[in-house]
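Predicted model only: the values in this text are computed from it and were never measured.
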Amino acid sequence: MIAAPDRTPLPRRFFDRPVLEVAPDLLGRILVRHTHTPDGPIELRLTEVEAYAGPADPGSHAYRGRTERNAVMFGPPGHAYVYFTYGMWHCMNLVCGPAGSASGVLLRAGEILSGHERAHKHRPTARNDRELAKGPARLATALGIDRHLNGVDVCAGPRSPMEILTGAPAPADQVLSGPRTGVGGEGATHPWRFWIDGDPTVSPYRAHTPRRRSSDAPSDGT
DNA sequence: GCCCGGATAGCCT
DNA sequence: GGCTATCCGGGCA
């Protein structure tokens, strides 16, 4: 018999710790997307995350310091840093550590627990429930997360658009780690991606693929 | 199942 | 102007 997940909100102090402690501890927690409509929220159990360790981390958006785009990462913990990437997609991070440390955890994948119908409406190409949030941009899309939610406090209670509940943290022996996805150079060396062993919603690993420059393409010969 | 390339726009140098 | 913390569809096995 499985105990029901704990629906107590995670307190801000949960996030005010070193990012490499917080990241694996987020697995099994519940992200609630409150839409404040009669349908109720969309809920997701986190199964895969990645740590980004502040201005010293070459893989981080905080590398080379604070800009308008990454300002939320430099703020207090327990807030959502949502950014737009590849001209099409949104991804969501949770800011960790004391204000100014500019570290965060990218939410890479999860299992939709409720609100499946609306999640499929947001992600019509998903062929089954497992694919709804298998990948960071898919996760954001399925939950209706975009730049409007950048800076949202996830420790501010159920009237906020997003909240994190205690859930059922994954036991340490079920947590695996490996290199981060899509991060090249020195940033690729650390095993700062964490996932729940064997979970079908974990996104497939993809090594960093450098883009071929358009000048390398065949030309008219001029 | 896999490998590959195109899409698309904001951000930063 | 080059790059990006990505996804999707098509081709092939």
Spacing of A/Y81 atom OH relative to B/dC11 atom P, expressed in whole Å: 9 Å
Closest to the A/R69 side chain, choosing from C/dC7, B/dA9, B/dC12: B/dC12
Check: A/H120/A/D129 side-chain N/O donor and acceptor closer than 3.5 Å: yes
Any A/R64 side-chain N or O less than 4.0 Å from OP1/OP2 of B/dT13: yes
From C/dC7, B/dT8, B/dA9, nucleotide with atom closest to A/M88 side chain: B/dT8
Length of the CD-C1' vector between A/E131 and B/dG1, whole Å: 13 Å
Who pairs with B/dT8 - Watson-Crick or G-U, where each distance is under 3.5 Å: none
Spacing of A/R147 atom CZ relative to B/dG10 atom P, expressed in whole Å: 10 Å
Side-chain-base donor-acceptor pair under 3.5 Å for A/Y86 and B/dA9: no
Other residues, nucleotides, ligands: >12 heavy atoms within 6.0 Å of A/H148 NE2: no
Atom pair distance, as rounded to whole Å: OH in A/Y205 and C1' in B/dC3: 16 Å
Distance in angstrom units between A/H90 NE2 and B/dA9 C1', rounded: 11 Å
A/R12 to A/F15 six-membered ring, cation-pi geometry met (6.0 Å, 45°): no
Any A/T67 side-chain N or O less than 4.0 Å from OP1/OP2 of B/dC12: yes
N/O (side chain, A/R127) to phosphate O (OP1/OP2, C/dG9) under 4.0 Å: no
Sugar-phosphate only, base, or nothing, as touched by A/G59 at under 4.0 Å among non-hydrogen atoms: base
Phosphate OP1/OP2 of C/dC8: any A/T125 side-chain N/O under 4.0 Å: yes
Check: A/N70 side chain, A/H61 main-chain N or O, donor-acceptor pair, under 3.5 Å: yes
Length of the line joining A/K134:NZ and C/dC7:P, which is rounded to integer Å: 11 Å
Euclidean distance, atom CZ of residue A/R66 to atom C1' of B/dC12 [Å, nearest integer]: 17 Å
Greater than 12 external heavy atoms within 6.0 Å of A/R130's CZ: no
Sugar-phosphate only, base, or nothing, as touched by A/R123 at under 4.0 Å among non-hydrogen atoms: sugar-phosphate
Touch class at under 4.0 angstrom, heavy-atom based, for A/R180 against every strand present: nothing
Closest to side chain of A/N93, choosing from B/dA9, C/dC8, C/dA5: C/dA5
Nearest-nucleotide pick for A/M73, side chain only, options being C/dC7, C/dA5, B/dA9: C/dA5
No-hydrogen, no-angle side-chain donor-acceptor test under 3.5 Å, A/R138 and A/S203: no
Closest listed nucleotide, where the reference is the side chain of A/R138 and the choices are C/dT6, B/dA7, C/dC7: C/dC7
Interatomic distance where CG belongs to A/L107 and C1' belongs to C/dA5 [whole Å]: 12 Å
